[in-house]
Every structure is written in structure tokens, then in C-alpha cells.
Amino acid sequence: MTTAPSVLNPDKLIRALQGAYAKGSRRKELLQLVATRMRQAGPPYTGVYLYLLHGAMLELEAFDGRPTEHTCIPVGKGLCGRAVAEARDINAPDVSAETEYLACSVETRAELVVLIRRGADILGQIDVDSDVENSFDEAEEAAVREVADGLAALL
Ligand code: SME
């Protein structure tokens with residue numbers, strides 16, 4: 001079975017990250033670069049939010065797209081907090097079916113939360129919002145996971 005290629009080119013983004021790191025960019029700039037470049041890929045990357053974990057709180061450190069009021073999310077709350085509490089990525093094809101969902105925009109239909117991990121530690125997450133249901137197939141999820149791993153190595 002062949003799968004469609006991902007919209008996001010993870011290798012290109014990771015090369016950009018490594019280049020920025022080599023020129024002295026550190027955490028905040030690297031997080032912003034991921035948010036900006038990912039959204040530049042176009043739909044389904046409508047909103048890209050980078051949260052880092054500080055104790056039991058996820059804090060929004062960079063984003064591109066619609067602003068969100070959810071700048072601090074406790075572990076366990078919303079899809080973002082649940083991903084950390086359960087130590088797993090969450091792919092929600094239809095956010096209206098998620099009782100714990102914290103809405104950032106009424107336009108959002110699907111959401112993908114991929115953890116940024118270093119070994120057993122969870123450093124944070126990449127949260128992507130799309131205006132279209134069922135936006136993130138396996139290839140897309142794998143592409144975001146590659147970026148999360150590439151980023152983790154530089155944080
Ligand atoms: N929808 C997320 C909150 C983050 S904003 O969408 C950027 C959640 O349910 O945790």
C-alpha cells in the first residue's frame with residue numbers, strides 16, 4: 001500500500017533548525033522557527049503552537065497563526081494536557097467529539113499534538129490546528145514527530 005506524502009517536509013525544516021542553531025539561535029528562536037516554517041507549509045498547518053513543560057504546566061513559547069488564550073495549560077487539561085498526562089501523542093480528527101477539548105478558535109476542526117521528548121523526559125509539544133476534519137494522516141503525524149525529535153536534540 002502506498003501512502004500519500006506528507007504536506008510538511010521534515011528534513012528541510014530540520015536542516016533549517018540545525019542551520020539556525022549553528023548560527024547561535026537557541027530555544028525561543030528555534031521554537032519560533034518551527035512554528036513559522038510549519039505554518040508556511042499551508043493547510044492543514046493552520047495554527048502551530050509550541051508549548052514547553054514547566055513543572056506541571058505547559059507554557060506557550062512560540063506560535064504562528066491565530067492567537068490563543070490558552071497560554072498556560074495544566075497537565076491533564078485539554079488535549080494538550082492530556083497528551084502529557086498520558087505520555088502519548090494525540091491525533092483528534094474531529095475536535096467536536098472531544099469532551100476535554102479547549103477551543104482556541106471556533107474554526108478549528110482537527111488537532112494534532114505531538115510530544116517533544118528527550119529519552120524518557122517530555123520537554124513539551126507541538127500542537128497543530130486545522131480547519132478541516134481528518135486532516136492528519138499517518139504520514140503527516142510521522143513528519144511532525146520527526147521535527148519534534150530534531151528539535152528536542154537542539155533544546
Ligand atoms: N486545543 C488545545 C488547546 C491549545 S490551543 O488550541 C492552541 C487543547 O485542547 O488542549
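The model shown is predicted, which means the values in this text are computed figures rather than measured ones. Remember, it's 1-based here, ligands and their atoms both numbered in the order they're listed. The residues of the chain are indexed from 1 along the displayed sequence.
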Participant: Any ion pair linking Asp89 and Arg145 (charged N to carboxylate O, less than 4.0 Å)?
Facilitator: yes

Participant: Measuring from atom OG1 of Thr36 to atom CG of Leu50, what distance do you get when rounded to the nearest 0.5 angstrom?
Facilitator: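 Separation between the atoms: 9.0 Å.
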
Participant: Classify the ring geometry between Tyr49 and Phe63 as parallel (under 30°), tilted (30 to 60°) or perpendicular (over 60°).
Facilitator: parallel

Participant: Salt bridge check: are Glu100 and Lys77 linked by an N-O gap of less than 4.0 Å?
Facilitator: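 Judged by the 4.0 Å cut-off on N to carboxylate O distance, Glu100 and Lys77 do not form a salt bridge.
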
Participant: Using a 4.0 angstrom limit on heavy atoms, which residues are close to ligand 1?
Facilitator: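 Residues Tyr49, Tyr51, Thr68, Ile73, Gly78, Leu79, Cys80, Tyr101, Leu102, Cys104, Glu111, Asp127, Asp129 each place a heavy atom under 4.0 Å from ligand 1, listed by chain and number.
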
Participant: Looking at Arg39 and Asp129, is any side-chain nitrogen of the basic one under 4.0 Å from a carboxylate oxygen of the acidic one?
Facilitator: no

Participant: Just so I know, are the side chains of Leu13 and Met38 near enough to count as touching, which here means a heavy-atom distance under 4.5 Å?
Facilitator: yes

